[in-house]
Amino acid sequence: MTDIAGIQTAIDRFMQSDTRGALLPLLHALQEEFGHVDPAAVPPIADALNLSRAEVHGVISFYHDFRTEAPARHVVKLCRAESCQSRGGAAIEAQLSHQLGVAMGHARKDGQVALEPVYCLGLCAIGPNALVDDRPVARIDSARVVAIASEVEA
Amino acid sequence: MTRVFISKDMASLALGADAVAQAFAEAGCEVVRTGSYGLFAIEPLVEVETDEGRVAYGPVGPDDVAAVLGGSHGARIGAIGDHPFFARQQRFTFARCGVTDPLSLADYTAHGGWKGLEAAIGLSPQDVVDAVKASGLRGRGGAGFPTGIKWQTVLDTPADEKFIVCNADEGDSGTFADRMLMEGDPYCLIEGMAIAGHAVGAGHGYIYIRSEYPFAIEAMREAIARSAGKIAPFTLEVRVGAGAYVCGEETALLDSIEGKRGQVRAKPPLPAIEGLWGKPTVINNVLSLAAVPFILAEGAQAYADVGFGRSRGTMPIQIAGNVRNGGLYEVGFGVTLGELVNEIGGGTASGRPVRAVQVGGPLGAYFPPSMFHLPFDYEAFAQAGGLIGHAGITVFDDSVDMAHMARFAMEFCAVESCGKCTPCRIGSTRGVELIDRIVAKAPRAAGALETMPQIRNASRSARSHDQEVELLRDLCDTMKHGSLCALGGFTPYPVLSALDHFPEDFGGGNALPEAAE
């Protein structure tokens, strides 16, 4: 359920910081508090920053990080960039996708876990790498795939 | 109480450093968390303070505490500086990384911190700019533009307000030096930015960090808060990206800080004249700014004395991918690609032969081992059809499919294009389709079609494999010369280098049946 009053409160609180070029920091703040940027937040954001709704929507949709729906309970972000590819990343992606029961770029229907691509975590000599609920994991092999899968089922 | 030093660099954390630190704390040790020396093959690395100095062990697990403290552990290295990986390094920028507690102001000062800023404050802005010019420092983000010239332009442009922007949107695969420096020695970057502020007359600076680097964001924010008094009246703040690769392009980054879609701006005007909010702006990479304190503290000549040709000073090179001893290796320019991959990197991690090395991130060229004689130097790489970029080296063994890597480069460009210019936005999608057709068609002698207009206008099914290859080269030419920024403009580097050096991977299978068109 959309918590419009809560969103407005968060926006008001943020506006006190008097940040220049505030749209991205505000979207980050809202996503941190609510887990996503609800489309219903667009009009109050536009009002607060004196922007058009189209501008706000344009920014939300431009950046990969901003989500408009609530995230899964656990998010596994697997690196797909060249360095991890050179260390067998494609095979790990296939195994992870199979173990988690969800295709890359999707959330499982029960909302338990999402598998998302990320392009480089800066751990390029010890790949394949992932962020499991923001915790970095390196040198992922078959055993670590199983460990990640059991961790996110909890 | 025994003091032990354990890295809290993101790579060390990913390899389990927290559990190791906890085990040493439970054994009654005083644990100091440091940055990483950058030799990830032996992380988690533990250094134990002894009468003879720090003794290093690595890799160390939580069960190894007793053996390490007893001095008998099999992973004993001795003094870290004696490790073969460090023997030939020249650590100017990364001198403190791995040594100090990144957030300790006392550590920073004790290890030579703030000397550069103090020297700069005693000089006129023009003298500081002259010192940076004399050092020969060139932009470490990839373009290699002389940093001092950029600063001079900002200094010479009158304005009521100027800015220093640090580009910490290190999105290239195979690069992690910016992340390591921000996590391992954040005050070095802060000092460099404060010097830049004094040099050009800017009062405020932004550090734009990609969201994929949560630990660097946290470290920089905390370091800025703690050092505010030291750099006053100059002020700094962190801005966090939101997962857009193109924001590493300086003008897209400026738009992103202004709260807009990260779209590239046409140049001119240069950001040095009309940058952030239309004001004169120094925009430099993390490594460029972090090199400045050394230059001011030790003198421009000390920096310029190291290097090769017109590439002066040191380059923190990142050896990554399928490599045995991957990590950060800071050394003067001129070391050859082969030395980096085979001698320092130790060849592939898989033990198979090296087949290709990509230098400079997703937009960098692929080189075969026959080109390993290339010296690490901006001009030498440009001449060989490549670029140094942010000095990331990604090693691939002989299992790599180079047509797949070329396709991936085009696909990445298609996904990450900001959409402002046509060659990048549409060309990259057409590039993916072309590579798919090239791989699917068996090579055969070129048919009657010969000129590029005839090839372009022919139906897809009528084109031969060779003609499709010609079309891909033509498309790359358009992208290279017609794109607004490096994303579309440099994507041809990995594509064409793969095609030039590994044509056998594009030979393809059987010709597509007509019905598949």
Side-chain angles (χ1 to χ4, degrees), chain A residues 17 19-29 31-32 37 45 49 51 55-67 77 79-91 116-132 134-140 144, chain B residues 10-11 13-15 40-41 43 170-176 178-180 211-216 237 239-245 247 256-263 276-277 318-323 325-327 349-350 358 361-362 392 394-397 400 404-405 408-409 412 416 418:
Chain A
S17 67
T19 305
R20 226 169 152 180
L23 184 49
L24 261 74
L26 174 56
L27 292 172
H28 276 303
Q31 182 149 303
E32 190 163 319
V37 181
I45 293 170
L49 298 179
L51 296 169
E55 282 170 304
V56 176
H57 173 75
V59 167
I60 293 171
S61 56
F62 180 84
Y63 294 96
H64 298 304
D65 281 0
F66 297 127
R67 47 175 121 236
K77 292 183 182 176
C79 179
R80 295 178 105 186
E82 287 87 345
S83 293
C84 285
Q85 287 190 41
S86 76
R87 297 175 65 92
E116 296 179 357
V118 62
Y119 291 88
C120 200
L121 299 167
L123 311 172
C124 312
I126 48 173
N129 304 300
L131 282 178
V132 181
D134 296 329
R135 183 175 56 85
V137 182
R139 291 194 189 124
I140 300 176
R144 288 224 163 100
Chain B
M10 185 172 169
L13 297 179
L15 293 170
F40 300 129
E43 288 283 6
E170 179 180 59
D172 288 355
S173 176
T175 67
F176 42 82
D178 293 357
R179 179 187 65 66
M180 280 184 59
S211 60
E212 292 86 347
Y213 285 178
F215 300 96
E237 77 184 89
R239 283 297 167 96
V240 180
Y245 177 77
C247 288
S256 189
I257 293 180
E258 290 180 10
K260 303 171 189 161
R261 296 159 70 94
Q263 286 191 310
L276 197 59
W277 289 294
Q318 299 124 85
I319 308 172
N322 192 339
V323 66
N325 302 315
S350 61
Q358 187 180 31
T394 300
V395 180
F396 292 82
D397 71 12
V400 66
H404 169 81
M405 299 316 295
F408 179 80
F412 186 72
E416 295 296 334
C418 83

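Chain letters run A, B, ... following the sequence lines, proteins first and then strands; every chain starts at 1.
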Participant: Rounded to the nearest 0.5 Å, how far does CD of Glu43(B) lie from CD1 of Ile126(A)?
Facilitator: 8.5 Å

Participant: Identify the two heavy atoms, one from Cys120(A) and one from Gly174(B), that lie closest to each other, and give their separation to 0.1 Å.
Facilitator: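 Nearest pair, atom of Cys120(A) first, then Gly174(B): SG-N, 4.2 Å.
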
Participant: If I measure from the heavy atoms of chain A, does Phe40(B) come under 4.5 Å with its side chain, its backbone, both, or neither?
Facilitator: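 Both backbone and side chain.
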
Participant: Pick whichever of Gly326(B), Ser350(B), Ser256(B) has the most heavy-atom pairs under 4.5 Å with chain A.
Facilitator: Ser256(B)

Participant: Under 4.5 Å from any heavy atom of chain B, what part of Arg135(A) do you find: side chain, backbone, both or neither?
Facilitator: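 When you check distances to chain B, no heavy atom of Arg135(A) falls under 4.5 Å.
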
Participant: Which region of Ala11(B), side chain (C-beta onward) or backbone (N, CA, C, O), has a non-hydrogen atom less than 4.5 Å from a non-hydrogen atom of chain A, or is it both or neither?
Facilitator: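 It is both, since atoms from each part get that close.
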
Participant: Using ring-ring contact (aromatic ring centres under 6.0 Å, His included), reason through Tyr119(A) and Phe412(B) one step at a time and then give a plain yes or no.
Facilitator: CA-CA 9 Å; Tyr119(A) 291 88; Phe412(B) 186 72; 5.4 Å; yes

Participant: Kindly give the heavy-atom pair with the smallest separation between Phe62(A) and Gln263(B), and that separation in Å.
Facilitator: CE1-CG, 4.4 Å

Participant: Among the options Arg139(A), Glu82(A), His64(A), pick out the one with the most heavy-atom pairs lying under 4.5 Å from chain B.
Facilitator: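 Among Arg139(A), Glu82(A), His64(A), the one with the most close pairs to chain B is Glu82(A).
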
Participant: Counting heavy-atom pairs under 4.5 Å with chain A, which one of Cys418(B), Gly243(B), Ala14(B) comes out on top?
Facilitator: Ala14(B)

Participant: Would you say the side-chain atoms of Ser86(A) pair up with the backbone N or O of Asn322(B), donor to acceptor, closer than 3.5 Å?
Facilitator: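 Looks like yes, one N/O pair under 3.5 Å.
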
Participant: In terms of heavy-atom pairs under 4.5 Å, which option from His28(A), Arg87(A), Arg20(A), Gln31(A) contacts chain B the most?
Facilitator: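 Looking at each of His28(A), Arg87(A), Arg20(A), Gln31(A) in turn, Arg20(A) comes out on top.
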
Participant: Under 4.5 Å, counting heavy-atom pairs only, tell me which of His404(B), Met10(B), Glu212(B) racks up the most with chain A.
Facilitator: Met10(B)

Participant: Taking every non-hydrogen pair under 4.5 Å, which of Gln85(A), Glu55(A), Lys77(A) racks up the most with chain B?
Facilitator: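 Max contact count across the listed options: Gln85(A).
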
Participant: If we define contacts as heavy-atom pairs under 4.5 Å, which of Gly327(B), Pro362(B), Ala244(B) has the most with chain A?
Facilitator: Pro362(B)

Participant: Is the backbone of Gly21(A) close enough, under 3.5 Å, to the side chain of Arg239(B) for a donor and an acceptor to pair up by distance?
Facilitator: yes

Participant: Is chain A contacted by the side chain of Asp172(B), its backbone, both, or neither, given a heavy-atom distance below 4.5 Å?
Facilitator: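 Only the backbone of Asp172(B) comes within 4.5 Å of chain A.
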
Participant: For each of Val400(B), Val240(B), Val323(B), tally heavy-atom pairs with chain A at distances under 4.5 Å, and name the one with the top tally.
Facilitator: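 Heavy-atom pairs under 4.5 Å are most numerous for Val240(B).
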
Participant: Would you confirm whether Ser173(B), through its side chain, and Ser83(A), through its main-chain N or O, come within 3.5 Å as a donor-acceptor pair?
Facilitator: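 Checking the backbone N and O of Ser83(A) against the side chain of Ser173(B), a donor-acceptor pair under 3.5 Å is found.
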
Participant: Looking at Gly122(A) and Phe176(B), what are the two nearest heavy atoms and their distance?
Facilitator: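 That would be O-CB, 3.1 Å.
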
Participant: Taking Leu15(B), Thr175(B), Ile257(B), Asp397(B) one by one, which has the highest count of heavy-atom pairs under 4.5 Å against chain A?
Facilitator: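 Ranked by heavy-atom pairs under 4.5 Å with chain A, first place is Leu15(B).
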
Participant: Is a donor on one side and an acceptor on the other found under 3.5 Å between the side chain of Arg261(B) and the backbone of Val59(A)?
Facilitator: no

Participant: Below 4.5 Å from any heavy atom of chain A, which atoms of Leu276(B) appear? Answer side chain, backbone, both or neither.
Facilitator: neither

Participant: Measuring heavy-atom distances to chain B, does Leu51(A) have an atom under 4.5 Å in its side chain, in its backbone, in both, or in neither?
Facilitator: neither

Participant: Tell me, for Gln358(B) versus chain A, whether the close heavy atoms (under 4.5 Å) come from the side chain, the backbone, both or neither.
Facilitator: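 Answer is side chain: those atoms of Gln358(B) sit under 4.5 Å from chain A.
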
Participant: Do you know which two heavy atoms are closest between Tyr63(A) and Cys247(B), and how far apart they sit?
Facilitator: CE2-SG, 3.9 Å

Participant: So for Met180(B), is it side chain, backbone, both, or neither that comes closer than 4.5 Å to the heavy atoms of chain A?
Facilitator: neither

